[in-house]
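Step one of this worksheet: look at the structure below.
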Amino acid sequence: MSESSVRRWRDELIALLAAQAPRLDRALKKVAKRGGEVVLIDGTLIPTQRRTGKADRRNYSGKHRHHGLHFLALTDENGRLIWISAARPGRTHDITAARRDHILAHLRAAGLGALADLGFRGLEHEVCDPVVVTGFAASRTHKLTPGQKEANRILAVGRAPVEHGFAHLKNWRTLNKLRTDPARATRLLRALLVLTNLEVNR
């Protein structure tokens, strides 16, 4: 059996699995239909090989200090992955990715809220009716009050399951350091999302 045939079958299988990954609107509607009220949102960086040339500079994440591709993911309240975004350059900020995917509009359409970290602070401008709850940030001139610290602690506890969702996904050894282009990386991550949920639900 030739190596090219094996690669072709592998790519076809990944494409078939990726096609089974839920769309954002359908995933949120499914959560709402099951009685869910909030989802958990976070971004992650999947490490990639460093490539030569200026085109690879945008894949460098200053936050993580290495090259990679940025993905957004949503989980339900129990940490089960329900959706993953397309791959973006590693330097992409969480809030930028959320805006490009129109996360707020989809959440409102489904009647759901979201818990997020401070990386999404500023995504929600309606203070009285926030869709995305991000907690409080301290600054040089403004220290957090005891009440704000307690609110942040409660939010951190509520967000903890999203880290478990990412951990399940990153158990796949192929994600230790991707050696593929962003388009293929998107298909691969979505295929692994489908397989991860099959494993978790066994």
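How far CG of Leu192 is from OG1 of Thr174: 7.0 Å, rounded to the nearest 0.5 Å. Note that CG of Asn152 is 8.5 Å distant from OG1 of Thr134, once rounded to the nearest 0.5 Å. Taking CZ of Arg121 as the start and CZ of Phe136 as the end, the distance is 7.5 Å to the nearest 0.5 Å. The CG atom of Leu112 sits 11.5 Å away from the NZ atom of Lys29 when rounded to the nearest 0.5 Å. The line from CH2 of Trp172 to CD1 of Ile46 is 13.5 Å long, rounded to the nearest 0.5 Å. Atom OG1 of Thr48 and atom CG of Leu175 lie 12.0 Å apart (nearest 0.5 Å).
Put simply, the side chain of Ser85 gets close to the backbone of Leu72: a donor and an acceptor are under 3.5 Å apart. Checking side-chain atoms of Arg58 against main-chain N and O of Arg91 turns up no donor-acceptor pair under 3.5 Å. A donor-acceptor pair under 3.5 Å links the side-chain atoms of Asp117 to the main chain of Gly119, judged by distance alone. A donor-acceptor pair under 3.5 Å is absent between the side-chain atoms of Asp101 and the main chain of Ile103, judged by distance alone. Side chain of Asn59 to main chain of His67: no donor-acceptor pair is present (N/O by atom type, distance under 3.5 Å, no hydrogens or angles).
Leu178 is connected to Leu195 through a chain of hydrophobic side-chain contacts under 4.5 Å among Ile, Leu, Val, Met, Phe, Trp and Tyr, so both are in one cluster. Hydrophobic cluster membership is shared by Leu81 and Leu198, with clusters built from Ile, Leu, Val, Met, Phe, Trp and Tyr side chains linked at under 4.5 angstrom. Under the 4.5 Å side-chain heavy-atom criterion for grouping Ile, Leu, Val, Met, Phe, Trp and Tyr, Ile14 is connected to Leu69 within one hydrophobic cluster. Note on Leu115: it does not cluster hydrophobically with Ile82, by side-chain heavy-atom contacts below 4.5 Å among ILVMFWY residues. The hydrophobic clustering, which links ILVMFWY residues whose side-chain heavy atoms are closer than 4.5 Å, places Leu189 and Leu13 together.
Under a cut-off of 6.0 angstrom, the local environment of CZ in Arg26 is sparse, with at most 12 non-hydrogen atoms contributed by other residues, nucleotides or ligands. More than 12 heavy-atom neighbours from other residues, nucleotides or ligands sit within 6.0 angstrom of CD on Glu12. Enclosure of atom CZ in Arg65 is not indicated, since only 12 or fewer non-hydrogen atoms of other residues, nucleotides or ligands lie within 6.0 angstrom.
Using a 4.5 Å heavy-atom threshold, the side chains of His164 and Thr75 count as separate. For the pair Gln20 and Leu16, the minimum side-chain heavy-atom distance is 4.5 Å or more. Side-chain contact between Trp83 and Val39: absent, with no pair of heavy atoms (C-beta onward) separated by less than 4.5 Å. Between Arg88 and Thr96 the shortest side-chain heavy-atom distance does not fall below 4.5 Å. Residues Arg34 and Lys30 form a side-chain contact, since some pair of their non-hydrogen atoms from C-beta on lies under 4.5 Å apart. Counting heavy atoms from C-beta outward, Pro146 and Lys149 have side chains that stay 4.5 Å or more apart.
Under a 4.0 Å N-O distance rule, the pair Asp11/Arg187 does not qualify as a salt bridge.
The closest side-chain donor-acceptor pair between Asn197 and His168, if any, does not fall under 3.5 angstrom.
Of all non-hydrogen atoms in Leu17 and Ala191, the two that sit nearest each other are CB-CB, 3.6 Å. Taking both residues in full, the closest heavy atoms of Ala87 and Thr186 are given as N-OG1, 2.8 Å, listed atom of the first, atom of the second, then distance. Minimum interatomic distance between Leu155 and Gly135 (heavy atoms only, all atoms of both residues): CD2-N, 3.4 Å. The two atoms that bring Glu163 and Asp42 nearest to each other are OE2-OD2, 3.2 Å, heavy atoms only. Nearest approach of Ala32 to Ala110, heavy atoms of both residues: CB-O, 3.6 Å. The two residues Val132 and Ala116 make their nearest non-hydrogen contact at CG1-CB, 3.8 Å.
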Taking it one step at a time, do Leu74 and Leu28 satisfy side chain to side chain contact (heavy atoms under 4.5 Å, CB included)?
CA-CA 9 Å; Leu74 294 178; Leu28 293 176; 3.9 Å; yes
(request) For His70 and Asp94, run side chain to side chain contact (heavy atoms under 4.5 Å, CB included): C-alpha distance rounded to whole Å, both residues' side-chain angles, the deciding distance at 0.1 Å, then the answer. (result) CA-CA 8 Å; His70 179 275; Asp94 288 342; 2.7 Å; yes
| How far apart are the C-alpha atoms of Val194 and Arg190, what are their side-chain angles, what is the distance that settles it, and do they pass the side chain to side chain contact (heavy atoms under 4.5 Å, CB included) test? | CA-CA 6 Å; Val194 172; Arg190 289 178 174 166; over 6 Å; no
Evaluation steps, side chain to side chain contact (heavy atoms under 4.5 Å, CB included), between Ile84 and Leu169 = CA-CA 11 Å; Ile84 197 161; Leu169 184 65; 3.8 Å; yes
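The side chain to side chain contact (heavy atoms under 4.5 Å, CB included) search around Ser61 returns Leu45, Lys63, His64, not counting sequence neighbours.
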